[in-house]
Peer 1: 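Please read through the structure below; I'll follow up with questions.
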Number of protein chains: 4
Amino acid sequence: MDTILKNLRVEINSNIYVKDPESSDLGKRIVESSILMIHEMGFETFTFRKLGKAIGSNESSIYRYFENKHKLLLYLTSWYWGWMEYQLVIQTLSLSQPKDKLRKAVQILTKEIVQDLDFDHIDEVLLSKIVVEEYSKSYLTKEVDQENKQGYFSIYQRLVTRLKDLIHTVNPHYKFPASLSSTIIEGALHQHFLKRHFPALTDCNATVSPTHYFMDLIDLIADSHE
Amino acid sequence: MDTILKNLRVEINSNIYVKDPESSDLGKRIVESSILMIHEMGFETFTFRKLGKAIGSNESSIYRYFENKHKLLLYLTSWYWGWMEYQLVIQTLSLSQPKDKLRKAVQILTKEIVQDLDFDHIDEVLLSKIVVEEYSKSYLTKEVDQENKQGYFSIYQRLVTRLKDLIHTVNPHYKFPASLSSTIIEGALHQHFLKRHFPALTDCNATVSPTHYFMDLIDLIADSHE
Amino acid sequence: MDTILKNLRVEINSNIYVKDPESSDLGKRIVESSILMIHEMGFETFTFRKLGKAIGSNESSIYRYFENKHKLLLYLTSWYWGWMEYQLVIQTLSLSQPKDKLRKAVQILTKEIVQDLDFDHIDEVLLSKIVVEEYSKSYLTKEVDQENKQGYFSIYQRLVTRLKDLIHTVNPHYKFPASLSSTIIEGALHQHFLKRHFPALTDCNATVSPTHYFMDLIDLIADSHE
Amino acid sequence: MDTILKNLRVEINSNIYVKDPESSDLGKRIVESSILMIHEMGFETFTFRKLGKAIGSNESSIYRYFENKHKLLLYLTSWYWGWMEYQLVIQTLSLSQPKDKLRKAVQILTKEIVQDLDFDHIDEVLLSKIVVEEYSKSYLTKEVDQENKQGYFSIYQRLVTRLKDLIHTVNPHYKFPASLSSTIIEGALHQHFLKRHFPALTDCNATVSPTHYFMDLIDLIADSHE
DNA sequence: GATGAATGAGCGTTCATTCAT
DNA sequence: AATGAATGAACGCTCATTCAT
């Protein structure tokens, strides 16, 4: 990726944070370390106190950036989905065939993540593992409707919608493009999880990736007719 | 369902509980009330203290039955999957055609739950909602591998495997029966959740159910060939 | 006071406490020490943490008895007013003349407190000083109406009403018996405070007590006519 | 009140503030907004952080004016009592009869407050409510003697003394002029409070005001003899 | 077997304040 | 003079758990 993009930013709903963590060094360290720590110890065990200690800063400073750890998780996962969307858009832009666009999109959304050097304080590989293991906790709450109204999940929704639109374009007769889109995006996380912890429940493994599975599915739907 | 089955029990891995809640009145009240309360307030907010208060019993008594609330969730969800498996087995037994068996299985696993009068201290409708909203939290933990080894998720695994086998029988050429099976079971929960909270991300609604969506998918796979 | 009364208790609205502090040794130590500490450091500086440390007990144990320190203050002051009411009732019982009853009541309510040996874990002298310095903080809150509805101030109200009734009996023509009653009870606290901290603002001192001042006032009102 | 008085100022002990809030626009906004906010949320809940946010200024700026919120309360209440004294002086100046002066003074000190247009950044009605609900908290502290020595309560003391002198002039035989003065000034606040929150403990209401009650009392004392 | 009492540990949060700009 | 960023310290509170009965 060329240096023209060096200054790109993933845009996050500003209600998720109190103060933009990108706006200061401390903010970036909060984000950077929180990824390492949540990956390390899991979201439940992770606390602002521990984070503060890790970055050599009082926990109260962290509250200047995020109201609570739930909001921080929303920030991290929003960033992740925004980053995915960005890749999806960039990499499908030049493709002329809808089917190619769709296949590229599915590939991006289901493949194992590799490091992106454009964002130096974010470890995308670890972040993707956090998303696999923690994302659902960000919406499986009693406050989901309220937070949804605040737009906390809008990037994710936009991404699901993009994929849905691609499916629909490729096969306008298919009756469940939205469900399929959400199944792929959420299902990809799930297959990655199963691969690591319940290998008997998935066909994905070292040689067969979730991408193979979902690509196969997409091809079936693409070619199906009423 | 006839009275012969009146005494049927869902068999739960005995390591999940300290003392079988089915073995006493207090145990049953613990299970019964915990379902109401977790549904009401969500798993995070739910505590043994509150449960104790609700059933008019000291919280320490609950520890006689479950080590902690995580184990209680494992118990409830195991019960749910065991109950599902039971229905799946019973209702596919008499079907001779593999395809019919598969379709029946998918129907059971994806449909909206209705009350089952065979188990009077368990509200299956509420429990199914808990499963939708909380099940993933039971395995998205740092202890998952260890608990998996203890067999805490074996009923669920057996269920996924049953569905996988049905898929394989119907279409031995299909390369991803396990992934598809897990996608359907977990995806059904997800579609139910989306229907309630993110209607834009699913095609399921009051008239189109997750069952329609997954049945359509199954039919596609069943008829696909290499 | 004879031993027949040895087992007397001041009855406190049970919503003020979680668990009756009179019901256990720990509870009594909480009450006892809190009086010493609030007197020592003032209510603002006083915390459950410090109290816990002082009684060699974790602060969490204190929460078993009182929801928060505000409730504890309500308890202490309710106890005080209940104790005052008890003395007022006992000591006016045998008096036949309304005027004598009234004078006795005013005397009790305005005099400097001395130790009462009937309640061994409560230092009435210190408690009365706490009431002087902290009682108004218990009702000068945004929650006063709500707490009043819960009956948290009912003992105090009953006491004011008793005095009002005595005033009314002595002089049925006097138009402000309630205001006078509340002025005496609250004003007595205020005069005690001024005596200690703003001697220029009161005529009360080592030789002239608030009792003299209010008794004089009462006599004026008793003898006034329309 | 004519425009000649337009520039009048209430003189406050300069130790109460770090920088005179009257000396700048920010200072005036601090005073203005703090009155609104303390009235709105109560003194306990009110913080410099919230005040800073409300006036669109960093909380650290407020520290340029007031050391802490306690000092700000002292400032506001001092202003109130200074303003009361000013009215008392002005309005009794032209009266020749001591008894008339006393009655006018009591009337001013006990009546319901109405807006004074001479001070545009201070809402006297709200401020008087703050005084009713918060004034006692400004002196019911462990630091009262020390702060008293610093003269933080001198305006209030001067006011009590003025009323005391009027009482003494009217009835030189009355033995408790200081106590009566402090009782009236503090008691007026109390009766206003009771009227709003404990109507059963006062005879004051929509038609009978604290002024009636205290005026009646004053008349009794004025006419009493040894 | 069930309960009541008590606890240790720690979480999330806020406050008042300071320092550098 | 005013502000922005950051912080140390502490608070209120709750949780999961244990122990003695």
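Reminder, nothing fancy here: chain letters follow the sequence lines and each chain counts from 1.
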Peer 1: Provide, to the nearest angstrom, the distance between the CD1 atom belonging to I30(A) and the P atom belonging to dA5(F).
Peer 2: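 Interatomic distance, CD1 of I30(A) to P of dA5(F): 13 Å.
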Peer 1: Suppose we call a contact any N or O donor and acceptor under 3.5 Å apart; does that hold for the side chain of R64(B) and the base of dA2(E)?
Peer 2: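 Result: at least one qualifying N/O pair found.
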Peer 1: Assuming nearest nucleotide by heavy-atom distance, tell me which of T45(C) and G56(D) is located more 5' along DNA chain F.
Peer 2: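 By nearest-heavy-atom nucleotide position, the 5'-most residue is G56(D).
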Peer 1: Quickly work out the E44(A) CD to dC11(E) C1' distance and round it to whole Å.
Peer 2: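 After rounding, the reported distance stands at 14 Å.
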Peer 1: May I have the distance from L51(A) (atom CG) to dT13(E) (atom C1'), rounded to whole angstrom?
Peer 2: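 Rounded to the whole Å, the gap is 15 Å.
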Peer 1: Now, which nucleotide makes the Watson-Crick or G-U wobble pair with dC15(E), with each of the two distances under 3.5 Å?
Peer 2: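 Pair assignment: dC15(E) / dG8(F).
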Peer 1: Counting only side-chain nitrogens and oxygens, does K19(C) get under 4.0 Å of the OP1 or OP2 atom of dA5(E)?
Peer 2: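 Yes, such a contact exists.
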Peer 1: Give a yes/no on whether any side-chain N or O of S61(B) is located under 4.0 angstrom from OP1 or OP2 of dT3(E).
Peer 2: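 For dT3(E), OP1/OP2 do have a side-chain N/O of S61(B) under 4.0 Å.
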Peer 1: If you define the side chain from C-beta out and look only at heavy atoms, does anything of V18(C) sit under 4.5 Å from E67(C)?
Peer 2: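 Yes, their side chains come closer than 4.5 Å.
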Peer 1: With the side chain of T47(B) defined as its heavy atoms from C-beta on, choose the nearest nucleotide among dA16(F), dA1(F), dA6(E).
Peer 2: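 Nearest to the side chain of T47(B) among the choices is dA16(F).
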Peer 1: DNA chain E: S60(C) or S60(D), which has the more 5' nearest nucleotide?
Peer 2: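 The residue whose closest nucleotide sits nearer the 5' end is S60(C).
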Peer 1: Any strand counts, and the cut-off is 3.5 Å on both contacts for Watson-Crick or G-U wobble. Which nucleotide pairs with dA9(E)?
Peer 2: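 In the structure as shown, dA9(E) has dT14(F) as its Watson-Crick or wobble partner.
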Peer 1: Please determine whether a side-chain nitrogen or oxygen atom of S57(C) lies at a distance below 4.0 Å from atom OP1 or OP2 of dA6(E).
Peer 2: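 No, no such contact exists.
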Peer 1: As a test of reading the structure: which of dT3(F), dT7(F), dT3(E) is closest to the side chain of N58(D), going by heavy atoms?
Peer 2: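 Ranking dT3(F), dT7(F), dT3(E) by closest atom to the N58(D) side chain puts dT3(F) first.
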Peer 1: Salt bridge between E44(C) and K137(C), side-chain N to carboxylate O under 4.0 Å?
Peer 2: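 A salt bridge links E44(C) with K137(C).
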Peer 1: May I have the distance from F48(C) (atom CZ) to dC13(F) (atom P), rounded to whole angstrom?
Peer 2: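 Atom-to-atom, F48(C) to dC13(F), this comes out as 8 Å.
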Peer 1: So if I take residues 65-79 of chain C and measure heavy-atom distances to DNA chain F, which residues fall below 4.0 Å?
Peer 2: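 Of all residues in residues 65-79 of chain C, the ones placing a heavy atom under 4.0 Å from DNA chain F are E67(C), N68(C), K69(C).
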Peer 1: Does any donor-acceptor pair link the side chain of E59(C) with the base of dC13(F) at a separation under 3.5 Å?
Peer 2: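 In this structure, the two groups form a donor-acceptor pair.
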Peer 1: When you check the gap from the basic side-chain N to the acidic O, do D25(C) and R29(C) get nearer than 4.0 Å?
Peer 2: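 Looking at R29(C) together with D25(C), the answer is yes, because their closest N to O distance falls below 4.0 Å.
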Peer 1: Rounded to whole Å, please give me the gap between OH in Y63(A) and C1' in dA9(F).
Peer 2: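 Atom OH in Y63(A) sits about 14 Å away from atom C1' in dA9(F).
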Peer 1: Within this structure, what is the NE2-OG distance for the pair H121(D) and S33(D), rounded to the nearest 0.5 Å?
Peer 2: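 The distance works out to 11.0 Å.
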Peer 1: Considering all heavy atoms of both residues, which atom of V31(A) and which atom of P21(A) are nearest to each other, and what is their separation?
Peer 2: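 So the two residues come closest at CG2-CB, 3.7 Å.
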Peer 1: Answer with yes or no whether the side chains of H70(D) and E143(D) bring together a donor and an acceptor at under 3.5 Å.
Peer 2: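 Side-chain D/A pair, E143(D) to H70(D): absent.
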Peer 1: Counting side-chain heavy atoms from C-beta on, which of dC11(E), dC19(F), dA2(E) comes nearest to L26(B)?
Peer 2: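 Out of dC11(E), dC19(F), dA2(E), the nucleotide with an atom closest to L26(B)'s side chain is dA2(E).
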Peer 1: Return the value, rounded to whole Å, for the distance between atom CG of D25(D) and atom P of dT3(F).
Peer 2: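 About 10 Å, once rounded to whole Å.
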Peer 1: Considering Watson-Crick and G-U wobble pairs with both distances under 3.5 Å, what does dA2(F) pair with?
Peer 2: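 Check on dA2(F): paired to dT21(E), both distances under 3.5 Å.
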Peer 1: Is a donor-acceptor pair below 3.5 Å formed from side chain R49(A) to base dG12(E), judging by atom type as modelled?
Peer 2: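 Checked by distance alone, the answer is yes.
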Peer 1: Let me know the distance between CD1 of I55(C) and P of dA5(E), rounded to the nearest Å.
Peer 2: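 Rounded to whole Å, this separation is 16 Å.
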Peer 1: OH of Y135(A) to CZ of F43(A): how many Å apart, nearest 0.5 Å?
Peer 2: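 Atom-to-atom, Y135(A):OH and F43(A):CZ are 13.5 Å apart.
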Peer 1: Go through the side-chain N and O atoms of Y65(D) and S24(D) and say whether any donor and acceptor fall under 3.5 Å apart.
Peer 2: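 Note: Y65(D) and S24(D) side chains meet the donor-acceptor criterion.
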Peer 1: Can you tell me the distance, in whole Å, between the CD atom of E22(C) and the P atom of dA5(E)?
Peer 2: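 Roughly 15 Å, once rounded to whole Å.
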Peer 1: Below 4.0 angstrom from OP1 or OP2 of dC11(F), is there any side-chain N or O of K50(C)?
Peer 2: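 Looking at the OP1 and OP2 atoms of dC11(F), one of them is under 4.0 Å from a side-chain N or O of K50(C).
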